[in-house]
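Written below as structure tokens is the structure these notes are about.
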Amino acid sequence: MSEWTIGIIGGSGLYQTDALEEAQWIAVDTPWGRPSDELLIGRIHGVKFVFLPRHGRSHRLPPSDVNARANIDALKRAGCTDVLALSAIGSLKEELTPGTFVVADQFIDRTFARERSFFGPGVVAHVPMADPVCPRLSDLAAGAADAAEAKVARGATYLAMEGPQLSTRAESRLYRQWGADVIGMTAMPEARLAREAELPYALVGMVTDYDCWRGDGDDVDITDILSQLQDNAATAQKLIAELATGLPKQRLPSPIDTVLDTALITPPAGRDPALMAKLDAICGRVRSRQEGE
Ligand SMILES: CSC[C@H]1O[C@H](OP(=O)(O)O)[C@H](O)[C@@H]1O
Ligand SMILES: Nc1ncnc2[nH]cnc12
């Protein structure tokens, strides 16, 4: 058993959090480049939290330019044990009304212009993604959203699009036929990279709009999104504080903590030392375990 350190990735509208005590912004560099911003590190009820605004504090990074590898590496390097992502999303279902907090459990990845793995020539790993989120953290996040008095929907398929433009009506309707419930631009490859970094990941999407599938003359418009974002962000601040209150005192291990034990298939002798050095935060645990064998 060990302590929790919770990484929070704040999406559009969520650029800092007031919930942290003794909070400090700390600059972190990574072998993958700079994360979106400095990390805001502090405690809530004694639990360490590390907050990172996904688009930067001044929202200067569009979705395709968010360096998700640097963000996940920085959170791992800062000692995070688990990562909760908070995101603005469009709804593809009538019942998922604006303001609903949706705890995603599946993803469809339609992104195409992003680095999606820490691994590559010289070090090969194939992590399982059948269940892309951590059920324990998702439950805790859903409980925290309830406690923050949000309308909560548990279990949803999030379609990640490249953006930055919003969908055409035909795309929006196609995604509904595919079974997607909500749409956004950032959860992929973030969730994949968290898994490669052995970080249990959960995503709470906060509905800002109905996208454009309804075709009722009330299509998504950025002004509406921004106004709903502000309401959602106020509830998200409460969610973060409630998450700290609801965490079990000690953190039991998760199977995700050790996923590279079987997923990393290049044997130690065949690994490229330069890439292994770059992977120090991501698979330092496996390396020291295997080299000690
Ligand atoms: C301004 S709405 C579009 C923008 O918001 C979402 O980002 P995030 O997931 O970081 O909240 C969405 O995916 C788009 O990037
Ligand atoms: N309709 C939408 N499409 C993609 N990303 C979004 N983020 C918020 N609303 C969205």
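Order of appearance sets the numbers: ligands from 1, and atoms from 1 within every ligand.
- Sorted by first then second residue, the salt bridge (charged side-chain N to carboxylate O under 4.0 Å, His left out) pairs that include residues 221-232, not counting sequence neighbours, number zero.
- Side-chain contact, Glu162 with Ser64: a donor N or O sits under 3.5 Å from an acceptor N or O.
- Panel note: side chain Trp4, backbone Ala244; no donor-acceptor pair is recorded below 3.5 Å.
- Applying the side chain to side chain donor-acceptor pair (under 3.5 Å) test to Trp32 and every residue at least two apart in sequence or in another chain returns Asp73.
- For a heavy-atom separation below 4.0 Å, the residues in contact with ligand 2 are Ala88, Ile89, Gly90, Met161, Leu166, Ile183, Gly184, Met185, Thr208, Asp209, Asp211, Ile225.
- Gln237 and Thr17 share a side-chain donor-acceptor pair at under 3.5 Å.
- A perpendicular orientation is assigned to the rings of Tyr210 and Trp213, their planes being inclined by more than 60° (bins at 30° and 60°).
- A salt bridge is absent between Asp211 and Arg176; no separation between the charged side-chain nitrogens and carboxylate oxygens falls under 4.0 Å.
- Every protein residue with a heavy atom nearer than 4.0 Å to ligand 1 is included here: Gly11, Ser12, Arg54, His55, Pro63, Ser87, Ala88, Gly184, Met185, Thr186, Ile225.
- Salt bridge annotation for Asp105-Arg154: absent, with no cationic side-chain nitrogen under 4.0 angstrom from a carboxylate oxygen.
- In this structure, a donor-acceptor pair under 3.5 Å is present between the side chains of Ser87 and Arg54.
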